[in-house]
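Whatever order the structure lists ligands and atoms in, that order sets their numbers, starting from 1. Please read these numbers as outputs of a predicted model, since none were measured by experiment.
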Amino acid sequence: MNIRNCVSYRLDGKKVWVAGHRGMVGSAVVRRLASEGCDILTASRTELDLRRQSDVEAWMDRFRPHAIIVAAATVGGILANDTHPAEFLYDNLAIEANIIHGAKQFGAEKLLLLGSSCIYPRLADQPIQEDALLTGPLEPTNQWYAVAKIAGIKLCQAYRRQFGSDFISAMPPNLYGPNDNFDPVSSHVLPALMLKAHRAKREGRREIELWGTGKPRREFMYVDDLADALVYLLQVYSGEDPVNVGVGYDVTISELAEMIMCVVGVDAQIRFNSSIPDGTPRKLLDSGRLLSMGWRPETDLEQGLRKLYAWYLQTESLNSEVSLG
Ligand code: GFB
């Protein structure tokens, strides 16, 4: 890391707003911040629609957060991205613009925007370094989300250049963990396959469906590791360049399916549904910049899958108790 980008920002005693605190990433950030001695601010969706600028400004004026983590976003898997382009573009542009502009207006000391590895060109050299941004065409299935996230990164850079605002951005790979969306149509691949494997086991079926060819490679990170990295970056990093936050290895979708079936405890055949696209062939991040700052992930994929399946079973049984009661 360039020594000029290295800072020490203390969180104790600060008001830290986690925008999107009910989502998978936001809830992990709230868990991680609990030990930092800060005052965690949150706003529910009914209390605050982040797409409405005047509401966001009124809320920020009232609460005046010192630091902000922008984990709020409209997200989804490959099919949701491909079929809801307007929501993925508009919602994310509006959320980022409102929060970033409000942060400047109401004097936030620090802001971290969460991006995604899909901001990089579809055929970027692997592993992908941060400076690959805007060097080639995007993957068409998620270009809307990617363009919104690129605009968010550029907003952070622009406010830093023009106003000296300490706004930074971090790019994670494909994430998974508690509070993920398990809807089979709109979710990302990992929860979708866990749900399919779980249902096959419960119903005694010997087949699960995989979209595409199973050949694309993806890098998966457990969300509590991401939350730890985000809090670390908030404390030590101040710079214009986005920072990749990955685990350093990837697997094919077929390999992921085999691992998930092993964790769930089901032996099923895979049937490929080639009517749904593969998306990017590969998007492995080069996280060397973050590693050079002294941060390391803790959870390997198999451990993470076991933790997530345990969480899923517990949540499912709690939900069934609630619906029975
Ligand atoms: O996770 P996923 O939906 O999104 O799909 P992306 C990853 C790969 O898994 C694709 C395949 O090749 C899918 O075709 N796949 C196989 C499945 N079976 C399934 C299934 O049952 N459900 C799903 N969802 N996929 C997302 C972007 O791209 O990556 C987002 O759309 C975001 O915007 C995220 O950037 C990180 O990895 O292709």
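- By the criterion of a heavy-atom distance under 4.0 Å, both the backbone and the side chain of W211 are placed next to ligand 1.
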Given N92 and T74, is the side chain to side chain donor-acceptor pair (under 3.5 Å) satisfied, shown in steps?
CA-CA 6 Å; N92 290 310; T74 291; 4.6 Å; no
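- Side-chain atoms of N179 and S27 form a donor-acceptor pair, as typed in the model, at a separation below 3.5 Å.
- Pairs passing the salt bridge (Lys or Arg N to Asp or Glu O under 4.0 Å) check and including a residue from residues 89-103, sequence neighbours excluded, read R51-D91, E96-K149.
- Proximity annotation for atom 8 (C) of ligand 1: of D82, I253, I276, I208, I253 comes nearest, heavy atoms only.
- The pair K283-E219 does not count as a salt bridge, with every side-chain nitrogen at least 4.0 angstrom from each carboxylate oxygen.
- Taking a 4.0 Å cut-off on heavy atoms, G76 registers as neighbouring ligand 1.
- Note on ring orientation: taking the six-membered ring where Trp is involved, the planes of W17 and W59 are tilted (angle from 30° to 60°).
- Ranking protein heavy atoms by distance to atom 34 (C) of ligand 1, first place goes to H188 NE2, 3.5 Å.
- Rounded to the nearest 0.5 Å, atoms CE (M60) and CG (D55) are 13.0 Å apart.
- Shown in contact with N81 at under 4.0 Å from a heavy atom are these atoms of ligand 1, numbered in order with element: 27 (C), 30 (C), 31 (O), 33 (O).
- Among R218, E219, M171, the residue whose heavy atom lies nearest to atom 6 (P) of ligand 1 is R218.
- One side chain, S186 or N181, offers a donor N or O that lies under 3.5 Å from an acceptor on the other.
- Residue P184 does not touch ligand 1, judged by heavy-atom distances below 4.0 Å.
- The contact set between ligand 1 and G77, taken as ligand atoms under 4.0 Å from a residue heavy atom, comprises 3 (O), 31 (O).
- For atom 27 (C) of ligand 1, the closest heavy atom belonging to the protein is N142 ND2, 3.3 Å.
- Close approach of ligand 1 to K196 is summarised as follows: ligand atoms under 4.0 Å from at least one heavy atom of the residue are 20 (C), 21 (O).
- For atom 15 (N) of ligand 1, the choice among N273, D278, V189 with the nearest heavy atom turns out to be V189.
- Using a 30° and 60° split on the angle between ring planes, Y312 and F182 fall in the tilted class, from 30° to 60°.
- The contact set between ligand 1 and K283, taken as ligand atoms under 4.0 Å from a residue heavy atom, comprises 6 (P), 26 (C), 28 (O), 29 (O), 37 (O).
- The N/O atoms of I78, backbone and side chain alike, include one that comes under 3.5 Å of an N/O atom in ligand 1.
- For the salt bridge (Lys or Arg N to Asp or Glu O under 4.0 Å) with E203, the qualifying choice from R205, K201, R199 is R205, the only one to do so.
- In terms of polar-atom proximity, P277 is counted as a contact of ligand 1, with an N or O under 3.5 Å from an N or O of the ligand.
- Considering only heavy atoms from C-beta on, L308 comes within 4.5 Å of M194 through its side chain.
- Using a 4.0 Å cut-off between heavy atoms, E209 makes no contact with ligand 1 at all.
- With distances taken over non-hydrogen atoms, the option nearest atom 24 (N) of ligand 1 out of S187, A192, C118 is S187.
- Sorted by first and then second residue, the side-chain hydrogen bond (donor to acceptor under 3.5 Å, both in side chains) pairs involving residues 125-138 (not counting sequence neighbours) are Q129-D286.
- The nearest protein atom to atom 36 (C) of ligand 1, hydrogens excluded, is given as N174 OD1, 3.6 Å; this is a heavy-atom distance.
- For ligand 1, the polar-atom distance check against S117 finds no nitrogen or oxygen pair separated by under 3.5 Å.
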